[in-house]
Amino acid sequence: MSRFRYPVDTDQFQRIREDGKVYVDKTGMMFELVDRYQYVFLARPRRFGKSLLCNTFKAYFQGQKNLFEGLKIMELEKEWKTYPVLHFTMSGLKNLKISEAKEKLELFISDYEGVYGRNSLETSPGARFRGLIHRACEQTGEKVVVILDEYDAPAMRLLYEKEQLEEMRMMLREFYQVLKDEGAYLKFVFITGVTKFSQMSIFSELNNLNQISMIDEYSGLCGITQEELDTFLRPCVEEYAGALQITTDEAYALLKKNYDGYHFSRNSEDVYAPFSLLNALDGGNTDYYWFESGTTTSLIEHLQHYPIKTALEYDGVEVGINEFNVSCENASTPMPLLYQSGYLTIDSYDPLLKTFTLHFPNLEVREGMVSGLMPLILKRSTADGNSLTRNMASSLFKGNLPGALTALRSYIAKIPYDIIPKEEWDDKESRESFYKLLMYMAFSMLNSIVDTEVKSVLGRADVVVKTKSDIYVLELKVDDSVDNALAQIDSKGYAIPYESDGRKVTKCGVSISSEARNIVHWRVVDEEGNVIDEQIF
């Protein structure tokens, strides 16, 4: 059992501090935000610590000084004044009809009216919210702090129901508009969400809302940064390494591969998904937690409004900021949703071209995406995909690449013929895209056991698979020869980075026939080009 107590079951700051659970100190940045801004908006993916941050702000403004002992803010804050705090968690309104959401919002307001009173002439949520702010300020003699957590949750499920979306938006806008009008009564306003505030048109008139989501210095405000993992959490990683009976360096590499990779600005800090990382440290394992918490179902509901396979096409895409930072409800592709929800993240930025490269942030997200979409794209069950993974991995661990390809060929043979409409199948480019997508999905699934690099879906089809003793470099060709596949490996130098690795490097050309709808030829060669295995079907 771990000697550390991790906050894997709560986002309540007070409980975390009173119970002595692990808390990564963000209070220095919090103090700076309050000192600099009056209105702040932060967009981050779900399960990324937004609610904990909101609860920490709440405790700070309520003057709960005892909870902050030993934290950075104790060096900065001198007054510790108490302010009236109105904290609304808007996720409680999601999946409700408009009338039900309105009633629920009014119940939230009534809880605070029990403290500060109510004027019976105030009937709408907006009017009651306005009166609440006035009375709280007048009764306490201090300006009011408003915290809105997950402001966009009530509207996200309505993205494709235009009339209902507009009705919900109007109801929320009347409530949120109060924040603009009552600035004289407000000390600080902090709003979180998944989508950007401009997308939902709810804050269209709140033009003094400071969007900090893509500012470098606040990139680590939510989540756990590499620096925090290297310093404050190092004892936790050392214990984790001991539980897995690996070195500390190996533990860091394992955690990075599975849970790191999030970048929220041009020069962002390296950020880990906190929900997954802390659960892994707590359990001493490398399980995947983000997708287990219901995110796959919600994602697929959204993706079904697009060609589903396109969701995987954006791993490695190069785009301008307006292409992934635009309105979700008006987008013609799922890319903005994938980025804003955390399934894609900024991998790099080219200041000359002003373009961003987006990637799946880590293995947890990539495998979750693939395993969730594989049954829909290939019409095969998740169990079939898991069986393929085990069979391929078992062969690769034995140094038997042909055995892994045989398992893959058997899997492809069972994919329904009508999976692609005839008009698409008649197009050579569509056929190539389908098989490259298939290979991408198969080897991405394999990555849960074997270290696999898949460069991109619709670009190069090269795949690199690593075991303890072998490195395999594969190139796929559709309706083309294995000679050309192997020639491309050599001409592009795909194997060169691994020549000094110390493991045996094996190259393989794979040819798929769109007429046979399967692998029809492979040739496996060693580093000198000597044929190790060749199969023609």
Side-chain angles (χ1 to χ4, degrees), residues 1-31 42 44-62 64-74 85 87 89 91-92 147 149-150 153 190 192 194 218-244 251-252 254-256 258-260 262 269-295 342 362 364:
M1 179 179 291
S2 172
R3 72 180 189 272
F4 300 103
R5 303 184 67 185
Y6 294 97
V8 295
D9 59 349
T10 182
D11 57 15
Q12 298 301 308
F13 177 72
Q14 180 172 343
R15 179 180 168 188
I16 290 171
R17 297 294 288 168
E18 289 179 345
D19 291 352
K21 295 180 183 288
V22 172
Y23 175 73
V24 179
D25 190 0
K26 307 289 185 178
T27 60
M29 280 187 283
M30 289 173 51
F31 182 86
L42 175 69
R44 285 294 181 267
R46 64 187 301 278
R47 294 292 196 175
F48 233 88
K50 298 189 299 296
S51 295
L52 172 58
L53 185 61
C54 287
N55 287 318
T56 309
F57 269 121
K58 181 178 181 179
Y60 167 58
F61 282 111
Q62 288 179 335
Q64 299 185 62
K65 182 178 179 180
N66 60 303
L67 298 179
F68 294 86
E69 290 295 335
L71 300 181
K72 180 66 176 178
I73 204 167
M74 292 296 290
V85 179
H87 181 191
T89 302
S91 60
I147 300 171
D149 192 14
E150 298 189 58
F190 186 66
T192 78
V194 173
Y218 299 118
S219 58
L221 183 59
C222 280
I224 296 172
T225 67
Q226 185 67 57
E227 181 182 1
E228 290 163 343
L229 193 65
D230 291 342
T231 54
F232 176 71
L233 292 178
R234 185 173 181 84
C236 302
V237 178
E238 292 172 345
E239 182 186 72
Y240 174 78
L244 294 177
Y252 270 108
L254 196 59
L255 293 171
K256 177 176 282 292
N258 283 287
Y259 312 119
D260 186 24
Y262 293 92
E269 290 192 75
D270 224 16
V271 182
Y272 289 72
F275 180 73
S276 300
L277 176 65
L278 294 176
N279 270 283
L281 293 174
D282 183 55
N285 56 46
T286 55
D287 292 349
Y288 299 149
Y289 296 95
W290 205 48
F291 277 82
E292 288 179 359
S293 59
T295 184
N362 51 50
E364 177 184 42

Trainee: Looking only at heavy atoms, what is the nearest atom pair of Asp149 and Ser51, with distance?
Mentor: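 In this case the closest contact between Asp149 and Ser51 is OD2-OG, 2.5 Å.
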
Trainee: Do Asn55 side-chain atoms and Asp11 backbone N/O form a donor-acceptor pair below 3.5 Å?
Mentor: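 Looks like yes, one N/O pair under 3.5 Å.
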
Trainee: So which heavy atom on Val237 is nearest to which on Ala251, and how close?
Mentor: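 Between these two residues, the closest heavy atoms are CG1-CB, 4.0 Å.
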
Trainee: Any idea which heavy atoms bring Gly342 and Pro45 closest together, and the distance?
Mentor: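 Closest approach of Gly342 to Pro45: CA-CG, 3.5 Å.
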
Trainee: For atom CD of Glu238, is the number of surrounding heavy atoms from other residues, nucleotides or ligands below 6.0 Å larger than 12?
Mentor: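 Check passes, neighbour count above 12.
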
Trainee: Less than 6.0 Å separating the ring centroids of Tyr23 and Phe232?
Mentor: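 Judged by ring-centre distance (under 6.0 Å), Tyr23 and Phe232 do not meet the cut-off.
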
Trainee: Run Phe31 and Thr27 through side-chain contact (heavy atoms from CB on, under 4.5 Å) and show every step you take.
Mentor: CA-CA 6 Å; Phe31 182 86; Thr27 60; over 6 Å; no

Trainee: Measure the OG1-CD distance between Thr56 and Gln64 for me, rounded to the nearest 0.5 Å.
Mentor: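 Thr56 OG1 to Gln64 CD: 10.5 Å, rounded to 0.5 Å.
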
Trainee: So, Lys21 side chain and Val8 main chain: donor-acceptor pair closer than 3.5 Å or not?
Mentor: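 It does not hold such a pair.
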
Trainee: To the nearest 0.5 Å, how far apart are OG1 in Thr231 and CD in Gln226?
Mentor: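 Between Thr231 OG1 and Gln226 CD, I get 9.5 Å after rounding to 0.5 Å.
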
Trainee: Classify the ring geometry of Tyr288 against Tyr259: parallel below 30°, tilted from 30° to 60°, perpendicular beyond 60°.
Mentor: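 Because their plane-to-plane angle is over 60°, the rings of Tyr288 and Tyr259 count as perpendicular.
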
Trainee: Answer yes if the side chains of Lys58 and Gln14 hold a donor-acceptor pair under 3.5 Å, and no otherwise.
Mentor: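 Gln14 and Lys58 do not have a side-chain donor-acceptor pair below 3.5 Å.
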
Trainee: Among all residues two or more places apart in sequence or in another chain, which pass the ring-ring contact (aromatic ring centres under 6.0 Å, His included) test with Tyr60?
Mentor: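 ring-ring contact (aromatic ring centres under 6.0 Å, His included) list for Tyr60, sorted by chain: Trp80.
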
Trainee: With the side chain counted from C-beta on, respond yes when Arg17 and Asn66 share a heavy-atom pair under 4.5 Å apart, and no when they do not.
Mentor: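 When only atoms from C-beta onward are counted, Asn66 and Arg17 do not touch, as no gap falls below 4.5 Å.
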
Trainee: Are Asp9 and Arg15 within salt-bridge range, i.e. N to O under 4.0 Å?
Mentor: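 Looking at Arg15 together with Asp9, the answer is yes, because their closest N to O distance falls below 4.0 Å.
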
Trainee: Closest heavy-atom contact between Cys54 and Thr192?
Mentor: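 Where Cys54 meets Thr192 most closely, the heavy atoms are SG-CG2, 3.6 Å.
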
Trainee: Take a 6.0 Å sphere around NZ of Lys256 and say whether it holds more than 12 heavy atoms from other residues, nucleotides or ligands.
Mentor: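 Atom NZ in Lys256 is packed in, count exceeds 12.
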
Trainee: Do Gln12 and Glu18 have side chains that approach each other closer than 4.5 Å (heavy atoms only, starting at C-beta)?
Mentor: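 SC-SC contact between Gln12 and Glu18 ruled out.
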
Trainee: How long is the span from the OG1 atom in Thr286 to the CG atom in Asn258, to the nearest 0.5 Å?
Mentor: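 Going from OG1 on Thr286 over to CG on Asn258, the span is 5.5 Å.
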
Trainee: Distance check, rounded to the nearest 0.5 Å: Phe275 atom CZ versus Leu52 atom CG?
Mentor: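 Phe275 atom CZ to Leu52 atom CG measures 13.5 Å (nearest 0.5 Å).
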
Trainee: Write down the atom of Phe61, the atom of Val85, and the distance for their closest heavy-atom approach.
Mentor: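 Heavy atoms only, the tightest pair is CB-CG2, 3.7 Å.
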
Trainee: Is there a side-chain contact (heavy atoms from CB on, under 4.5 Å) between Asp19 and Thr10? Walk through the geometry before answering.
Mentor: CA-CA 11 Å; Asp19 291 352; Thr10 182; over 6 Å; no

Trainee: Mind telling me whether Phe4 and Tyr6 have parallel, tilted or perpendicular rings, with 30° and 60° as the class edges?
Mentor: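 Geometry flag for Phe4 against Tyr6: tilted rings.
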
Trainee: If you take all heavy atoms of Ala280 and Leu255, which pair is closest and at what distance?
Mentor: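 Taking every non-hydrogen atom into account, CB-CD2, 4.4 Å.
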
Trainee: So, the side chain of Asp25 versus the backbone of Leu71: is there a donor-acceptor pair under 3.5 Å, distance only?
Mentor: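 Judged by distance alone, no pair lies under 3.5 Å.
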
Trainee: Excluding sequence neighbours, so at least two apart, what forms side chain to side chain donor-acceptor pair (under 3.5 Å) with Glu150?
Mentor: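 For Glu150, no residue satisfies side chain to side chain donor-acceptor pair (under 3.5 Å) once neighbours in sequence are set aside.
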
Trainee: How far does CG of Leu278 sit from CD1 of Ile224, to the nearest 0.5 angstrom?
Mentor: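 The CD1 atom of Ile224 is 4.0 Å from CG of Leu278, to the nearest 0.5 Å.
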
